[in-house]
Amino acid sequence: VTETTRRGFLRGGVISVGAVGGGVLVAACGSGDTTTTTSTTTVDPDLQQMRLVASIEALAVDTYKKALAAAGQGALGKPPDALVTFAQTAQKHHQDHLDAWNALLAKASQPPQTTPNPRYAKVVQTVLASLHTINDLANLVLTIEVVSLQTHTQTATRLHGSDPRKTALSIAPIEAGHASLLQSVLGTNLDPKGGFVKTDQAADVDSLNG
Amino acid sequence: VTLDERSIDALVEQGWDLHSAGMRATREQLDEVVESGLAERSRRGDGSRRQFLRRSLLAAGGMAAFGAAALERAHAVDAASVDVDLLQTAAAIEVVAITVYQQAAVLDPNVSGTTIKAMKDFIAAVTQQHTDHRDAFNAAIKALGGKEQIGPDRVLLETVVNPGVAKIRAPGDVIALVAALEETAAASYVKFGSSASDAAAVKAFATIAPIEATHLAMLRSISGFFALGHPELITVPLDLTKVPAAAGGAPYPDSFYPIQAARDPAEGKVVAG
């Protein structure tokens, strides 16, 4: 999942779903807001980073849950069976990822992260209410997958502990697989120049403050 | 279909020469991976920790501090040496992948599966990406003062590629071979990135492993369509209304990327002489 591909997706998202696609999500959740509070500035940076990725996993679990519910209601048209199977599988993966990060937080005597990242959750809520088609829904979860992939990739380079780094490294390829399937559904070709995961859309620890 | 050691060597050499021109175009991107890794190293404080330790040891005074500082330097050198081995093995895996994809591209299209446009495009794109990966690993090696690895991982060739090549009769066989290589590459980089010390090396592994996993995911999807006898369904975008529900299962059965297929970390290191 590369910068060029990502831009292509964002362009596609904005074009296909107007102002409700992933572009809005990423723009609204970007790291331009540098507001910080004591809660995130006094904590160990490694623990902060682990809580951040846990909050993104909680967001993914919550988003897939809501997406499946929305699709089940039929308001967006009948979803293909293959897409439903994918969403159910991806939701389980994200729950396992969340559990893994919470296990590491518990090992460090930290409370678990049980709620979705507040900054992203607000925007997801708005976007979910504005979707018109199954493709809009696929665009939204693709955005979550890309944010999660990039955040885990960045986390792998920032953590000092071997176990947390290994966790981040072993999760990122799974998110890449999710994103890959969604991109193939949405019609994004593999970009020959996109051989490296970028981190410009990775979530920032400031987003934990809402 | 045969792919003996001499032909591999010739192809590797040819590929390396041909790529020199193409490299200029991607140099900026590769430099960014290495430079951002170096910046991450600085941000992570690898250097400052060493300086702090050195100052502390000097403050302790005497020969004990001198000995401890020397020991600390020795550890740093050992860590860099291990990282170079990891990166050289990674580059050697990439050389194998490039060569096999190049060979796949020139097979009879009915054997390689390139009668399907999506498969043909996939092979071309992935060959370019693996070439960029090889060069990124070699750039990281040079930054650590090591020697570039331009040769293949010969153990991987002998144990995976040669048996796989001998079985090639149809597109499914080609896909099985390159999928095995992608699985190996991603698993190796997850494992190597977990044990690397240098931030630039970690960055290279972290930013490349998911891309190999993406290749594997796509190959598994493509393989499924060939297995179903409906390669015509391999299109961009996929028409999910025409594919079975099972095809929507996530590309991997596991929630965490397994590393059983990882190579030995020193398997592809450059041997002196």
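The chains referred to below are lettered A, B, ... by the order of the sequence lines, with proteins before strands, and numbering in each begins at 1. Please read these numbers as outputs of a predicted model, since none were measured by experiment.
- Top candidate by heavy-atom pairs under 4.5 Å with chain A, chosen from B/Ala186, B/Ala206, B/Ala118, is B/Ala206.
- You'll find the side chain of B/Ser255 stays beyond 4.5 Å of the side chain of A/Ile174, heavy atoms only.
- Taking CD1 from B/Ile234 and OG from A/Ser184, the interatomic distance works out to 11.0 Å, rounded to the nearest 0.5 Å.
- B/Val190 places a side-chain heavy atom less than 4.5 Å from the side chain of A/Pro173.
- Heavy atoms closer than 4.5 Å to chain B are found in the side chain of A/Thr199, but not in its backbone.
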**Report entry** Stepwise side chain to side chain contact (heavy atoms under 4.5 Å, CB included) check, A/Phe196 with B/His133
**Finding:** CA-CA 8 Å; A/Phe196 306 91; B/His133 297 168; 4.0 Å; yes
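- Contact between A/Ala176 and B/Thr214 at its shortest, heavy atoms only, is CB-OG1, 3.5 Å.
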Query raised in the report: Which is it for B/Met218 and A/Leu181 under the side chain to side chain contact (heavy atoms under 4.5 Å, CB included) test, yes or no, and what are the steps along the way?
Result: CA-CA 8 Å; B/Met218 297 177 83; A/Leu181 193 141; over 6 Å; no
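- Shown here for A/Leu149 and B/Pro210, the closest heavy-atom pair between the two residues is CD1-CB, 3.8 Å.
- With a 4.5 Å cut-off on side-chain heavy atoms, B/Lys203 and A/Thr153 do not count as touching.
- For the pair B/Pro237/A/Leu186, no side-chain contact is recorded, criterion being any heavy-atom separation below 4.5 Å from C-beta on.
- Contact record, A/Val197 with B/Ile211: CG2-CD1, 3.9 Å, taken as the closest heavy-atom pair.
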Report task. Report the C-alpha distance between A/His93 and B/Phe256 in whole Å, list the side-chain angles of each, state the deciding distance to 0.1 Å, and finish with yes or no for side chain to side chain contact (heavy atoms under 4.5 Å, CB included). Result -> CA-CA 8 Å; A/His93 285 171; B/Phe256 302 90; over 6 Å; no
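- Interface remark: B/Thr127 contributes no atoms to any contact with chain A (heavy atom separation under 4.5 Å).
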